[in-house]
Protein chains: 2
Amino acid sequence: MFVVENLYLGNQVRNMRLSPTLKKIAEQLNVSISTVSRALKDHPDISAETKQKVNELATLIEYDPNPYAVNLRTHNNKEFAIVVPSLSNFFYHSFISSIEEDARQQGYSVFIYRSSNDPQIELGILKSCRLKRVSGVFISITTETKDISPFTKLDGYGIPVIFFDKVPGSELCNKICVGDEHAAALAAAEILKKGIKNVLGIFGDLNMSITQARFQKFKTILAEGAEKIKLKTVHALNSNEAEQAALHAIEDYKGEYFAVFCMSDEILAGVMKAVQRKNLRVLQDVGIISISDGMIPKLFYPEITYAETSGFKLGKLALNRMMRCIAGSSFAQTIVDESRLIAGGSI
Amino acid sequence: MFVVENLYLGNQVRNMRLSPTLKKIAEQLNVSISTVSRALKDHPDISAETKQKVNELATLIEYDPNPYAVNLRTHNNKEFAIVVPSLSNFFYHSFISSIEEDARQQGYSVFIYRSSNDPQIELGILKSCRLKRVSGVFISITTETKDISPFTKLDGYGIPVIFFDKVPGSELCNKICVGDEHAAALAAAEILKKGIKNVLGIFGDLNMSITQARFQKFKTILAEGAEKIKLKTVHALNSNEAEQAALHAIEDYKGEYFAVFCMSDEILAGVMKAVQRKNLRVLQDVGIISISDGMIPKLFYPEITYAETSGFKLGKLALNRMMRCIAGSSFAQTIVDESRLIAGGSI
DNA sequence: ATTATGACCGCAAACGTTTGCGGTAACATT
DNA sequence: AATGTTACCGCAAACGTTTGCGGTCATAAT
């Protein structure tokens, strides 16, 4: 590490500019503050002449209303907060992009908070959202979040909360989530279609509702489809465990063809490492299929076939729901987005 | 997609709670607002008895100061803004985590803005930061950002700006960035050490300063180290172009051993696809080395050797610099973090 | 000549804090 | 008895807006 430090930054500290205010404009123009305020918002009470003078001066000195003063008066800001446990996640990325795009169009700005998957930090963020009276919050809760009363409290202050992805169990809230069952079913159906006999399914922590849903559905569809399929399932808590599981399976199947279903990107990553380590050829030696947001599957050749959990579409749905809430809808809605199969060449 | 909508959410809209204020506490306790205010901040003028009464009632009714009112009075908030072009980037992820951790400890909260690599949006975000009088902003500018006067303007309002990663050329600002030359040199040295004869270097857009730095240094070190190395270089604007370039190279070298240097993760992704497509064995048939934030290299087996550009360390440095600025430092400092080589088994 | 009608504008209160300053009572000091 | 000291506390202004209401002119209607 090295440092270059030698340039004096001028005297920006000494003559710190103070922002222009309504008062200054008013004094300059010899009118009252109220007149200026009204002129700037094109109020009918103000003459065209005055309006012009005010607007000219305002743009000249680059007037911008002080958001704190405005908010203190109006209790109304146009910003959304998005709260996520982590950012290293393509799904969140696409979700956020999607929301932002539309929100901006409707005059809302959005900023992102990161809870680090820590309920304590999450609580702090929530509080700050409440105090700031944001227009609404989109949140994917931490895996440790038990108590959802802080969220309903937000609602109590008139701030709509839309849960997405990681959502609480309670029915009394607005939820937008990916169709776990549907995605699992899609993958299972694809395996059936290809007529594969040996299947290894690798799933995450069974304590997570997302795992339960995918696990159950996958098993069921496979069982319904053909009884001569030999399905092994295993639960891996991280990428490493997934790799180990795949490694063992490769030993066990001893050259026999089999397919691996990966419940998540993390698991897929581990499995692909095992495949490479053993120098297996995807498709020829082993079939791979996954549920994914689409980033990891495209890193391999052949690209991995996966059931897509698109943050993009979910974002649109979420913002739509949010606008409804702001408009006064007081129903709790659970929206489940069904995914589609993106065919790579891996199965 | 399907929707469940049937539950009425109670009447949270009707009896929307209004937040507790100093005034309410004052009325309840028959003291003045000033007394309450002072009691809550443990002012010596207030008796222990009064303080206790106030504090009790305050926690009881869950009083929290209205940030807008506070700010209007004090012009002082404790929050940092981090502005990034995109979120799908492990480097930013680690940078942000790193900053957040320390900032929280010092009583600052941080939120994240996303510019979508659009200078227009970036401008809007900057303005909002100025109006909100955030305590400081960390920013990685868009690739299209030409005019840095909006940033110096922030400085003019007493808001420190720390650039990171994508930084402007000007010397008159605080910059924290990865050591492009150093990382390239590290990779080149590794290639020399392994005594490899044929090298393909794939770089990004030559218009980007980051490309220029890495390109130059890589070439120089290689040339200095050994004259019998045959180096081909090519510029790829995206993952696909990188894949094509690697594909061609594989044809050209016709079985001869060679190594590929990838300037970035995006390029590495393309190259690895080509390698898999041609069924080459990494290490045995082809050597791979990259500059990376460490996410992609770990997805393959053997893991890819790379020169690390750690957002984590950079974050620490950036926050440190920020605190200095807030404390009044008026020097412009350019800090360059040198990277280290993370050995996988790919070369 | 009086009254109605607009068009245009300003007063002042309110949002919820913070803080300088002044005030009162009790007690200690001359 | 007059003065000084100390411990507490409240008044009021200020931060920068928004907005209901009332006011002043000029012009049009009676």
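All figures in this text were calculated on a predicted structure; none of them were measured in a lab. In what follows, chains are A, B, ... by sequence order, proteins preceding strands, each numbered from 1.
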Completion exercise
Applying salt bridge (charged side-chain N to carboxylate O under 4.0 Å, His left out) to E101(A) and not counting sequence neighbours gives K316(A)

Practice task
Please work out which residues in residues 25-34 of chain B have a non-hydrogen atom less than 4.0 Å from an atom of DNA chain C and list them by number.
Solution key: I33(B), S34(B)

Problem - Polar pair under 3.5 Å, donor/acceptor by atom type, side chain R38(B), base dG20(C) - result: yes

Handout entry: K132(A) bridged to E79(B) by N-O distance under 4.0 Å
Key = yes

Practice task
Not counting sequence neighbours, list each pair that qualifies as a salt bridge (charged side-chain N to carboxylate O under 4.0 Å, His left out) and has a residue in residues 117-129 of chain A.
Solution key: K127(A)-D64(B)

Practice task
Rounded off to whole Å, could you give me the CG-to-P distance for the D45(B) and dA25(C) pair?
Solution key: 18 Å

Problem - Base of dG16(D) paired with side chain of R73(B) (donor-acceptor, under 3.5 Å) - result: no

Exercise for the section: Decide whether S86(A) and Y92(A) meet the rule of one side-chain donor and one side-chain acceptor closer than 3.5 Å. Expected result: no

Practice task
Grab the CZ-P distance between R133(A) and dT17(D) for me, whole Å please.
Solution key: 19 Å

Problem - Length of the line joining K23(A):NZ and dC11(C):P, which is rounded to integer Å - result: 13 Å

Exercise for the section: State whether the side chain of T74(A) and the backbone N or O of V70(A) hold a donor-acceptor pair below 3.5 Å, judged by distance alone. Expected result: yes

Completion exercise
Between NE2 of H43(B) and P of dA7(D) the distance, given in whole Å, is 13 Å

Exercise for the section: Give a yes/no answer on whether the side chain of S37(A) brings an N or O atom under 4.0 Å of OP1 or OP2 in dT19(D). Expected result: no

Practice task
State whether T74(B) places a side-chain N or O below 4.0 Å from either non-bridging phosphate oxygen (OP1 or OP2) of dT18(C).
Solution key: no

Problem - No-hydrogen, no-angle side-chain donor-acceptor test under 3.5 Å, S19(B) and R133(A) - result: yes

Exercise for the section: Round to a whole Å and report the spacing from CG of L40(A) to P of dT17(D). Expected result: 9 Å

Handout entry: S47(B) side-chain N/O to dC9(D) phosphate OP1/OP2 under 4.0 Å
Key = yes

Practice task
Can you pull out how bent the helix from dA1(C)-dT30(D) to dC27(C)-dG4(D) is, comparing the axes over its first five and last five pairs, to 10°?
Solution key: 80°

Handout entry: Touch class at under 4.0 angstrom, heavy-atom based, for N66(B) against every strand present
Key = sugar-phosphate

Problem - salt bridge (charged side-chain N to carboxylate O under 4.0 Å, His left out) against K24(A), all qualifying residues, sequence neighbours excluded - result: none

Practice task
Rounded off to whole Å, could you give me the OH-to-C1' distance for the Y68(B) and dG16(C) pair?
Solution key: 13 Å

Fill in the blank from the handout: Between NE2 of H75(B) and C1' of dA14(D) the distance, given in whole Å, is 10 Å

Handout entry: Options dC8(C), dG10(C), dG16(C), nucleotide nearest the side-chain atoms of T35(A)
Key = dG10(C)

Practice task
Would you please indicate yes or no on a ring centroid separation below 6.0 angstrom for F111(B) and F80(B)?
Solution key: no

Exercise for the section: Would you check if I25(B) and V31(B) make a side-chain contact, meaning some heavy-atom pair closer than 4.5 Å? Expected result: no

Exercise for the section: Figure out the CG/P separation between N77(B) and dT17(C), and round it to whole Å. Expected result: 16 Å

Practice task
Could you pull out all residues at least two apart from D337(A) that satisfy salt bridge (charged side-chain N to carboxylate O under 4.0 Å, His left out)?
Solution key: K313(A)

Practice task
Would you tell me if any nitrogen or oxygen in the side chain of T50(B) comes within less than 4.0 Å of OP1 or OP2 on dC9(D)?
Solution key: yes

